[in-house]
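Notes to accompany the following structure.
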Amino acid sequence: MTRGFRTRGLHAGQDPDPATGARAPPLYQTTSYVFDDADYAADLYALEADDDVYSRISNPTTRILERRLAALEAGVDAVATASGMAAIDAITTVLTTVGDNVVLSEEMYGGTSSYFSKTATKRGIEVRTVPTLDVAAYGEAIDDDTAFVHVETVANPSLKTPDFEAVADVAHDHGVPLVVDNTFATPALCRPIEHGADIVWESTTKWLHGSGTTIGGVVVDGGTFPWDAADYDELSGENPAFDIDFVERFGERAFAQVVRHRAVRSTGGCQSPFDAWQTLQGIETLALRMEAHCENARRVAEFLRDREGVAWVTYPGFEAHETHDLATRYLDDGYAGMVTFGLAGEDDEAAYTAAKTVCESVELISFLANIGDAKTLVIHPASTTHAQLSHEEQRAAGVGPDMLRLSVGIEDVDDIISDLNQAIEQAQSETATTQTEDR
């Protein structure tokens with residue numbers, strides 16, 4: 001029996017604790033576990049038996065989180081990581097080797113872009129970016145050395161939604177998996193695996209947890225990619241570190257288990273039991289919170305669209321948005337909680353300064369580098385999250401000098417709008433003063 005999303009958010013992956021009857025997930029704050037005997041310990045280390053050995057590899061509390069997220073994302077297994085960046089690093093670690101390339105949609109989170117261009121390249125991985133919405137370009141960029149294709153559900157910060165099914169078809173025609181960052185949508189709005197994706201990753205730090213207290217990430221295995229028919233030595237054939245074939249040993253869960261034992265186990269990018277326990281608390285209210293985020297974002301976007309002095313507003317729920325139809329097709333019950341906008345200015349420098357002034361003038365809204373909190377957050381990407389990129393790279397990622405990225409929280413929406421209004425007023429006043437002095 002398949003239960004509803006809200007029910008899975010509360011119950012998936014956990015029954016009452018058999019030892020105590022506790023209904024809430026227990027916190028197993030332990031590093032390691034006693035072995036029954038030496039032979040069983042040997043079986044565990046050889047992956048001939050499944051059980052907990054060391055909490056860098058697995059932990060009962062973390063396992064509840066993994067099973068719950070796999071259930072919410074329509075996957076078969078999941079591995080919790082120390083952060084979202086640890087998740088994409090784990091994926092890259094097991095799927096690539098020196099001389100490989102990855103094909104990425106060019107509009108992506110600045111941290112992801114920097115990871116691939118500044119870190120993955122040091123490992124001998126070539127990075128190929130293509131226009132996010134040009135389906136044919138993905139196929140043109142793929143060759144025999146391509147390890148995977150990567151897109152974001154709702155691109156950060158351009159808020160574009162790609163055609164998952166079309167991109168997945170192109171990737172699969174070339175025998176490579178489609179990897180999707182689902183952070184902005186969360187499984188409450190979109191489950192990319194249901195639309196052809198093979199692997200999903202998220203920063204659990206954001207909406208999944210929702211309170212701005214706990215860093216984490218997750219890799220979810222869709223269980224559908226034919227690893228034994230492709231050239232991935234970590235998955236099919238005798239593994240470089242274990243005398244087993246992961247596909248034969250773990251079947252549809254092979255990718256998740258390779259991530260666990262060949263990436264997280266080796267590099268230490270695990271999520272702690274306490275952080276997993278904290279994240280489970282947030283997931284229980286995910287569905288309810290996303291409804292509020294989506295509704296508030298719509299109201300804020302409409303205010304900004306009508307506000308004098310706002311030059312532009314990007315919100316997937318507007319019919320004028322470039323990917324409104326795709327967002328409507330792939331997102332359920334809302335267009336996520338993000339809005340971007342820019343203020344009018346005489347030139348790029350004036351608009352850049354005005355955007356920073358808005359960030360410095362908010363009172364209720366928080367100026368900080370995060371998204372997905374219950375509280376409303378704002379940031380100026382060009383000077384912060386995407387500052388490591390050149391101006392040309394920023395433009396390619398959808399970031400202009402005037403862009404403000406707003407993560408709309410679940411406060412009373414009239415209070416959010418009032419604070420935005422006064423901050424914009426302050427920025428306009430300072431801009432007008434500067435222009436008068438320059439004359």
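This is a predicted model, so every value here is computed, not measured. What you see below is based on every heavy atom in this structure, not just the backbone, and it leaves out hydrogens, waters and symmetry mates.
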* **Residue pair S158, E107: steps toward the side chain to side chain donor-acceptor pair (under 3.5 Å) verdict** => CA-CA 7 Å; S158 71; E107 288 163 289; 3.2 Å; yes
* To do: Using the salt bridge (charged side-chain N to carboxylate O under 4.0 Å, His left out) rule, take D89 and R123 through it: C-alpha gap first, then chi angles, then the decisive distance, then the call.
  => CA-CA 12 Å; D89 181 66; R123 302 177 184 173; 2.9 Å; yes
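- Between D163 and R329 there is a salt bridge, since a side-chain N of the basic residue sits under 4.0 Å from a carboxylate O of the acidic one.
- Between C359 and L404 the shortest side-chain heavy-atom distance falls below 4.5 Å.
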* **Chi angles and distances behind the salt bridge (charged side-chain N to carboxylate O under 4.0 Å, His left out) call for R128, E126** => CA-CA 7 Å; R128 300 177 178 179; E126 180 189 353; 3.1 Å; yes
* To do: Show your working on salt bridge (charged side-chain N to carboxylate O under 4.0 Å, His left out) between E73 and R191 and close with a plain yes or no.
  => CA-CA 5 Å; E73 288 281 11; R191 292 160 297 283; over 6 Å; no
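- A donor-acceptor distance shorter than 3.5 angstrom exists from the side chain of R68 to the backbone of A12, with no hydrogens or angles considered.
- Expressed to the nearest 0.5 Å, how far CG of N182 lies from CD of E152 amounts to 10.5 Å.
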* To do: Before giving the answer on salt bridge (charged side-chain N to carboxylate O under 4.0 Å, His left out), spell out for D50 and R249 the whole-Å C-alpha distance, their side-chain angles and the decisive distance to 0.1 Å.
  => CA-CA 11 Å; D50 291 328; R249 171 69 177 83; 3.4 Å; yes
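- Summarising the geometry, atom CD1 belonging to I193 is positioned 8.5 Å from atom CG belonging to D198; distances are rounded to the nearest 0.5 Å.
- For D52, the salt bridge (Lys or Arg N to Asp or Glu O under 4.0 Å) partners are R63, not counting sequence neighbours.
- Open room surrounds NZ on K375; 12 or fewer heavy atoms of other groups in view lie less than 6.0 Å from it.
- You'll find the side chain of F225 reaches within 4.5 Å of the side chain of H172, heavy atoms only.
- A 4.5 Å side-chain heavy-atom check between I379 and F367 finds at least one atom pair inside the cut-off.
- For the ring pair (Phe, Tyr, Trp, His ring centres under 6.0 Å) test, residues two or more places apart in sequence or in another chain that qualify with Y232 are W227.
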* **Residues H209, Q278; criterion side chain to side chain contact (heavy atoms under 4.5 Å, CB included); working and verdict** => CA-CA 8 Å; H209 184 276; Q278 286 273 71; 3.9 Å; yes
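- Scanning for side-chain contact (heavy atoms from CB on, under 4.5 Å) contacts around K356 gives Y352, H380, S383, with sequence neighbours left out.
- Side-chain contact check for T129 versus M108: some heavy-atom pair is nearer than 4.5 Å.
- If you check the side chains of N101 and D143, you find a donor sitting under 3.5 Å from an acceptor.
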* side chain to side chain donor-acceptor pair (under 3.5 Å) assessment of D275 paired with T214 -> CA-CA 6 Å; D275 287 350; T214 307; 4.8 Å; no
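- Put simply, the side chain of V151 does not reach to within 4.5 Å of the side chain of L104, judged on heavy atoms.
- For the residue pair T205 / S203, a side-chain donor-acceptor distance below 3.5 Å is found, with atom types taken as modelled.
- With salt bridges taken as basic N to acidic carboxylate O contacts below 4.0 Å, one links E291 and R6.
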* Asked: Can you list the steps and then say if I199 with V220 is a side chain to side chain contact (heavy atoms under 4.5 Å, CB included)?
  -> CA-CA 6 Å; I199 300 159; V220 181; over 6 Å; no
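- Note that CG of L95 is 9.0 Å distant from CG of D100, once rounded to the nearest 0.5 Å.
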* **Criterion side chain to side chain contact (heavy atoms under 4.5 Å, CB included) on Y138 and D169, from CA distance to verdict** => CA-CA 10 Å; Y138 292 91; D169 286 345; over 6 Å; no
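- Summarising the geometry, atom CE belonging to M290 is positioned 11.0 Å from atom OG1 belonging to T285; distances are rounded to the nearest 0.5 Å.
- The closest side-chain heavy-atom distance from Y109 to Y115 is not below 4.5 Å.
- Just one of V103, V167, D181 meets the side chain to side chain contact (heavy atoms under 4.5 Å, CB included) condition when paired with H150; it is D181.
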* To do: Evaluate the side chain to side chain donor-acceptor pair (under 3.5 Å) criterion for residues E319 and H324: first the C-alpha distance (whole Å), next the side-chain angles of each, then the deciding distance (0.1 Å), finally the verdict.
  => CA-CA 6 Å; E319 290 186 5; H324 172 74; 5.1 Å; no
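- Ring to ring, F164 and Y330 are close: their centroids are under 6.0 angstrom apart.
- The structure places CG of L331 at 9.5 Å from OG1 of T186, a figure rounded to the nearest 0.5 Å.
- Residues H321 and Y335 place their aromatic rings such that the two centres sit no closer than 6.0 Å.
- Proximity of a side-chain donor or acceptor of T323 to a complementary backbone N or O of L326 within less than 3.5 Å is not detected.
- Under 4.0 Å is where a charged nitrogen must lie from a carboxylate oxygen, and between R260 and E66 at least one such pair does.
- Side chain of D17 to backbone of R23: no donor-acceptor contact under 3.5 angstrom is found.
- For S55 and Y33, the side-chain atoms include at least one donor-acceptor pair closer than 3.5 Å.
- Considering only heavy atoms from C-beta on, V102 comes within 4.5 Å of T96 through its side chain.
- By the 4.5 Å heavy-atom criterion applied to side chains, V408 and I416 are counted as neighbours.
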* Go through T132 and E106 one step at a time and tell me if the side chain to side chain donor-acceptor pair (under 3.5 Å) criterion holds. => CA-CA 6 Å; T132 301; E106 64 184 1; 5.5 Å; no
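- Of the possible polar contacts, one joining the R56 side chain to the R265 backbone as a donor-acceptor pair under 3.5 Å is found.
- Residues W207 and F184 bring their aromatic ring centres within 6.0 Å.
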